[in-house]
J.: 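Have a look at this one before I ask anything.
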Amino acid sequence: MGGWAIAVHGGAGVDPNLPQERQEEAKKLLARCLDLGISALRSNLPAIDVVELVVRELETDPLFNSGRGSALTEKGTVEMEASIMDGPKRRCGAVSGLTTVKNPISLARLVMEKSPHSYLAFSGAEEFARQQGVETVDNGYFITGENLGMLKLAKEANSILFDYRIPAVGLESCSVGPPDDNLLAMNGLPISLYAPETVGCVVVDSQGRCAAATSTGGLMNKMTGRIGDSPLIGAGTYACDLCGVSCTGEGEAIIRGTLARDVAAVMEYKGLSLQEAVDFVVNERLDEGRAGLIAVSRNGEVACRFNTNAMFRGFATEDGFTEVGIWD
């Protein structure tokens with residue numbers, strides 16, 4: 001075993017004109033989350049505890065698209081989703097359609113540990129949350145002025161917006177008018193901007209146990225009831241005895257490619273290394289979709305790959321390697 005390792009992400013795809021101040025805010029948040037995870041790993045917390053701890057921190061900060069600061073539906077509400085997976089026995093828990101649960105990732109873990117199921121959604125998930133006594137808040141807690149502004153922009157453009165985090169100062173440089181032939185399409189439908197900011201964390205601890213967790217608010221101006229890749233085990237999140245993986249990007253493409261599971265599959269069946277597996281999956285399984293992922297292996301390796309222009313990401317390993325970055 002190569003010791004512990006941790007990776008975090010805040011989404012793949014970034015507005016090329018994102019102000020430097022916003023870039024630094026993102027880097028500081030990723031670095032803070034890495035430090036939190038490193039401290040927990042040095043205290044010998046198991047991997048599953050560390051991924052939950054780190055994603056809770058990301059959900060609490062409104063900078064990225066999860067928990068407080070989540071994207072808004074077409075009705076101006078928040079519907080959050082998350083999943084978590086423990087590699088050693090491939091236990092997993094997932095939730096969708098949450099409107100009041102302060103930390104969706106912790107409810108996903110409770111689904112894994114305190115229910116007979118792996119996935120709960122909408123009213124059933126909310127009822128389970130009340131039964132478990134988790135902290136809940138009014139839906140308005142998750143909504144920010146920035147979100148409301150971007151929802152208005154999305155409706156004016158008559159489109160789904162991935163990047164709802166572009167400050168007003170940067171809007172003039174963005175394509176937010178009627179769709180044209182050069183824009184990204186999701187299932188054949190045009191999307192004005194591309195910069196999803198789902199969050200995730202993958203960890204291997206000093207015992208070689210891998211875990212993964214992913215949390216998101218989804219797409220700005222999405223249809224109510226839409227479920228993306230983040231809560232789907234094998235698509236947005238996967239962990240086993242070989243590795244842990246968290247994905248971000250064009251959810252429908254990630255779902256079609258079962259991206260997270262495929263990393264583990266090609267490691268197992270093709271004998272690829274972690275980085276080779278990550279490269280293969282992003283290159284061969286996205287079918288012209290746009291996405292990125294982070295991964296760790298039981299040997300203490302970290303890996304990242306994305307086919308967007310950038311990805312908010314950070315890594316640390318027991319041997320002292322640390323990196324926080326955005327651009328390719």
J.: Val202, Val199: one ILVMFWY side-chain cluster at the under-4.5 Å cut-off?
T.: no
J.: Count the heavy atoms belonging to other residues, nucleotides or ligands that lie under 6.0 Å from CZ of Arg305, then report whether that count exceeds 12.
T.: yes
J.: Would you check if Val203 and Trp4 make a side-chain contact, meaning some heavy-atom pair closer than 4.5 Å?
T.: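 No. Closest side-chain heavy atoms not under 4.5 Å.
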J.: What are the two closest non-hydrogen atoms of Arg90 and Ala239, and how far apart are they?
T.: CG-O, 3.6 Å
J.: What are the two closest non-hydrogen atoms of Ala253 and Gly289, and how far apart are they?
T.: CB-CA, 3.8 Å
J.: Same cluster or not: Leu232 versus Val95, using hydrophobic residues (I, L, V, M, F, W, Y) connected whenever any side-chain heavy atoms lie under 4.5 Å apart?
T.: no
J.: Hey, is the main chain of His117 close enough, under 3.5 Å, to the side chain of Ser115 for a donor-acceptor pair?
T.: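 It does hold such a pair.
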J.: In Å and rounded to the nearest 0.5 Å, what is the SG to CG distance from Cys210 to Asp86?
T.: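 One finds 9.5 Å between SG of Cys210 and CG of Asp86.
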J.: Is Asp49 paired with Arg109 through a side-chain N to carboxylate O contact shorter than 4.0 Å?
T.: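 Asp49 and Arg109: salt-bridged.
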J.: With rounding to the nearest 0.5 Å, note down the distance linking SG in Cys304 to CD in Glu323.
T.: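 If we round to the nearest 0.5 Å, Cys304:SG and Glu323:CD are 8.5 Å apart.
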J.: Looking only at non-hydrogen atoms, find the nearest pair between Ala303 and Val278 and report the distance.
T.: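 Taking Ala303 first and Val278 second, the nearest heavy atoms are CB-CG2, 4.0 Å.
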J.: Are Leu36 and Leu30 grouped together when hydrophobic residues (ILVMFWY) are joined by side-chain heavy atoms under 4.5 angstrom apart?
T.: no
J.: Keeping Lys222 on the side-chain end and Ile227 on the backbone end, is there a donor-acceptor pair under 3.5 Å?
T.: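 No, because the side chain of Lys222 does not come within donor-acceptor range (under 3.5 Å) of the backbone of Ile227.
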J.: Please check: side-chain N/O of Ser39 versus main-chain N/O of Asp35, any donor-acceptor pairing under 3.5 Å?
T.: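 No, the answer is negative, given that no donor and acceptor are paired below the 3.5 Å cut-off.
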J.: Under the side chain to side chain contact (heavy atoms under 4.5 Å, CB included) test, which residues partner Tyr269, sequence neighbours left out?
T.: Arg261, Ala265
J.: Quick one: does Phe280's side chain get under 4.5 Å of Arg285's, heavy atoms only?
T.: yes
J.: Using 0.5 Å steps for rounding, measure from the CG atom of Leu272 to the CE atom of Met267.
T.: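 With rounding to 0.5 Å, CG (Leu272) is 8.5 Å from CE (Met267).
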J.: Is Glu252 salt-bridged to Arg226, going by a charged N under 4.0 Å from an acidic O?
T.: yes
J.: So Ile6 and Leu34, side chain to side chain contact (heavy atoms under 4.5 Å, CB included) or not? Walk me through it.
T.: CA-CA 7 Å; Ile6 179 173; Leu34 277 179; 3.9 Å; yes
J.: Could you check Thr216, Asn65, Asp229 and say which one makes a side-chain hydrogen bond (donor to acceptor under 3.5 Å, both in side chains) with Thr198?
T.: Thr216
J.: With a 4.5 Å limit on heavy-atom distance, are the side chains of Arg32 and Asp61 in contact?
T.: yes
J.: When rounded to the nearest 0.5 angstrom, what distance separates CG in Leu293 from OH in Tyr238?
T.: 14.5 Å
J.: For the residue pair Glu126 / Thr100, report whether a side-chain donor-acceptor contact shorter than 3.5 Å exists.
T.: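 Note: Thr100 and Glu126 side chains meet the donor-acceptor criterion.
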J.: Evaluate the criterion side chain to side chain contact (heavy atoms under 4.5 Å, CB included) for residue pair Asp328 and Phe306; output intermediate values, then yes/no.
T.: CA-CA 8 Å; Asp328 191 359; Phe306 51 94; 4.0 Å; yes
J.: Of all heavy-atom pairs between Ser297 and Glu301, which one has the smallest distance, and what is that distance?
T.: OG-OE1, 2.6 Å
J.: Assess the residue pair Ile84 and Ile48 against the criterion (side chain to side chain contact (heavy atoms under 4.5 Å, CB included)); give the C-alpha distance rounded to whole Å, side-chain angles, the decisive distance to 0.1 Å, and a yes or no.
T.: CA-CA 8 Å; Ile84 192 167; Ile48 191 67; 3.6 Å; yes
J.: Mind checking whether Arg68 and Lys102 have side chains closer than 4.5 Å, heavy atoms only?
T.: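 No. Closest side-chain heavy atoms not under 4.5 Å.
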J.: Can you get from Val324 to Phe64 by hopping between Ile, Leu, Val, Met, Phe, Trp and Tyr side chains that sit under 4.5 Å apart?
T.: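 The answer is yes; both residues are in one hydrophobic cluster.
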J.: Under 3.5 Å, is there a donor on one side chain and an acceptor on the other for Arg130 and Thr136?
T.: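 Note: Arg130 and Thr136 side chains miss the donor-acceptor criterion.
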J.: With no hydrogens and no angle check, is any side-chain donor or acceptor of Asn147 less than 3.5 Å from a backbone partner on Ile143?
T.: no
J.: Would you mind telling me which of Ser70, Ser230, Pro231 makes a side chain to side chain contact (heavy atoms under 4.5 Å, CB included) with Met80?
T.: Ser70
J.: For residues Ser83 and Tyr119, is any side-chain donor paired with an opposing acceptor at under 3.5 Å?
T.: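 Ser83 vs Tyr119: no donor-acceptor pair found between side chains.
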J.: Would Met220 and Leu151 count as a side chain to side chain contact (heavy atoms under 4.5 Å, CB included) here? Give the steps.
T.: CA-CA 6 Å; Met220 182 63 72; Leu151 179 62; 3.7 Å; yes
J.: Heavy atoms, side chains only, cut-off 4.5 Å: are Phe315 and Ile294 in contact?
T.: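 In contact.
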J.: Strictly distance-based, threshold 3.5 Å: is any side-chain N or O of Asn309 a donor or acceptor partner for the main-chain N or O of Val14?
T.: yes
J.: Taking all non-hydrogen atoms of both residues into account, name the closest pair between Leu286 and Asn307 and its distance.
T.: CD1-ND2, 3.4 Å
J.: Salt bridge between Glu146 and Arg22, side-chain N to carboxylate O under 4.0 Å?
T.: yes
J.: Grab the two heavy atoms, one from Glu57 and one from Cys33, that are nearest each other, plus how far apart they are.
T.: CG-SG, 3.7 Å
J.: Could you measure the distance from the CZ atom of Phe122 to the CD atom of Glu81? Nearest 0.5 Å is fine.
T.: 7.5 Å
J.: For Arg313 and Ile326, indicate whether the former's side chain and the latter's backbone hold a donor-acceptor pair under 3.5 Å.
T.: yes
J.: Are side-chain N/O atoms of Thr73 and Glu79 paired as donor and acceptor at under 3.5 Å?
T.: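 No, no side-chain donor-acceptor pair sits under 3.5 Å.
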J.: Report the distance from atom CE of Met85 to atom OG1 of Thr214, rounding to the nearest 0.5 Å.
T.: 11.5 Å
J.: For a 4.5 angstrom cut-off between non-hydrogen side-chain atoms, does Gln207 reach Pro46?
T.: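 A side-chain contact under 4.5 Å is absent here.
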J.: Check whether any side-chain heavy atom of Phe142 lies under 4.5 Å from a side-chain heavy atom of Val137, and answer yes or no.
T.: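 Result yes, sub-4.5 Å side-chain heavy-atom pair found.
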J.: Got a donor-acceptor contact below 3.5 angstrom from the Glu59 side chain to the Ser215 backbone?
T.: no
J.: Is there a side-chain contact between Thr99 and Thr77 (heavy atoms, below 4.5 Å)?
T.: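 No - every pair of side-chain heavy atoms lies 4.5 Å or more apart.
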J.: Under a 4.5 Å side-chain heavy-atom rule over Ile, Leu, Val, Met, Phe, Trp and Tyr, are Leu219 and Ile254 clustered together?
T.: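 Each belongs to a different hydrophobic cluster.
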